[in-house]
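Side chains are part of it too, since the values below use all heavy atoms of this structure and drop only hydrogens, waters and symmetry mates.
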Amino acid sequence: MSEVRNKVDFIRLLGPDMSIKILTHLDDPCDLIRVCAVSSSWHQFVIENGLCKQLCLKMFPEISSVAHIFELDNMVEPVSNTLGSYVNWECLKRNHKVYAFLASGLSPLRINCISKAISASSTDNYPEESIINTLEPRDRTQYRRASYWSSKGESNPSVPETLVYNLVSKICLVTEIHVQPFQAYFQHGCPIYSAQAVRFRMGHLRYPMELESAVNNMTTNHMLGNNQFIWTYTSPEFPMFQENRLQQFKLPEPVLCIGGVLLVELLGRVQKQEMDELFYICISHVQVMGRPLSPGFDVKIDHPSGKCTLKYCPQTDCCTSSSTTSPRRDSSNPSRLRIITSGIMQRGVRRWEQIILGALLGSGSAVVDD
């Protein structure tokens, strides 16, 4: 009995202000999940004070520019006081889960997010001058040939070109794109075949199953029609310099790329080739810098507007210590987060915190779809 009397709930003892100050010093989302599992009152305290959101924004300040995407639909007009209180609590719980997912899933480091080259609007000599060469950070291939992509020649310098890439995750927080024009050191005068300007689009394929087949079955045309994509973001135009260096184009604010497809638009030509008097654009390297979601996350595009289903499988992230089987998906009882261009909605009956906590503590093969 004396042991029971000595137990103190420090949140009640210290009050909300001091408790929040203490809990905001936690720097790992797993710790907040464990805090939620202590008791129902602690669980409610973490959610009501948005501690997962505060931690996520502290870990990834870039998220603050896209936070409205997650919260826009939370403004619900209550029919009565009781209903309003319930709706507000549901919104708080939804935000809690969303930011816990993002804090756990986003890469702590900004990396090059390009996974594969999908297509180019044209290619002069395929495959020697393929878009695949732009993934090589060096100026030479393993066979000591120059590594670059080249467009076909055009007499009109205003004809644009496009390069399409698949990112490492279907959700990436992109901050900047790097592009390096190619300098033809083997031609007289070592000309640099840059574009006049560059612009970027992000989105997804209209028919997602086409992405894998398009990449695996690239032909000499190696090109997808523009109508096969849906672009949900378009950047401003950036001037490109006719210089042989990796040029950095920082986006006005970080962009949440949902769908994992990026288009590089090369606008205008500045360099003629001496032998045929035609204008070309040549690019040696492209990088997309950002924070992808970890391999445990997957996204299924549900609607052309960008509405999608976010899936999480802890086994893929190696969160379990005892299971050695391959990741499995169980759609019979999903706990869902729906990411929409105007907000995120949650549905399902299982408590996300209990599932993730069980996976973290190695208690079995916890699976969360969406």
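Ring-centre distance between Phe229 and Trp231: below the 6.0 Å cut-off. Taking the six-membered ring for Trp, Trp149 and Tyr193 have ring centres at least 6.0 Å apart. Between Phe249 and Phe238, a ring centre-to-centre spacing shorter than 6.0 Å is recorded.
Under a 4.5 Å side-chain heavy-atom criterion applied to ILVMFWY residues, the cluster that includes Ile111 comprises Leu109 as well.
With respect to Arg201 and Glu265, a salt bridge is recorded, a charged nitrogen being found less than 4.0 Å from a carboxylate O.
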Between Asn133 and Glu136, does the side chain to side chain donor-acceptor pair (under 3.5 Å) criterion hold? Intermediate values first, please.
CA-CA 5 Å; Asn133 293 335; Glu136 171 60 56; over 6 Å; no

What do the steps show when you test Gln180 against His178 for side chain to side chain donor-acceptor pair (under 3.5 Å), and what is the final call?
CA-CA 7 Å; Gln180 181 170 351; His178 304 165; over 6 Å; no

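Tested against Glu176 for a salt bridge (charged side-chain N to carboxylate O under 4.0 Å, His left out), the candidates Lys250, Arg291, Arg110 yield a single pass: Arg110. Exactly one residue among Glu161, Lys152, Glu154 makes a side-chain hydrogen bond (donor to acceptor under 3.5 Å, both in side chains) with Ser122. That residue is Glu161.
In the hydrophobic cluster analysis, where Ile, Leu, Val, Met, Phe, Trp and Tyr join through side-chain heavy atoms closer than 4.5 angstrom, Val46 is grouped together with Ile20.
Counted within 6.0 Å of CD on Glu274, heavy atoms from surrounding residues, nucleotides or ligands total 12 or fewer; the atom is thus considered open.
Take Gln44 and apply the side chain to side chain donor-acceptor pair (under 3.5 Å) test, not counting sequence neighbours, and it matches Glu48.
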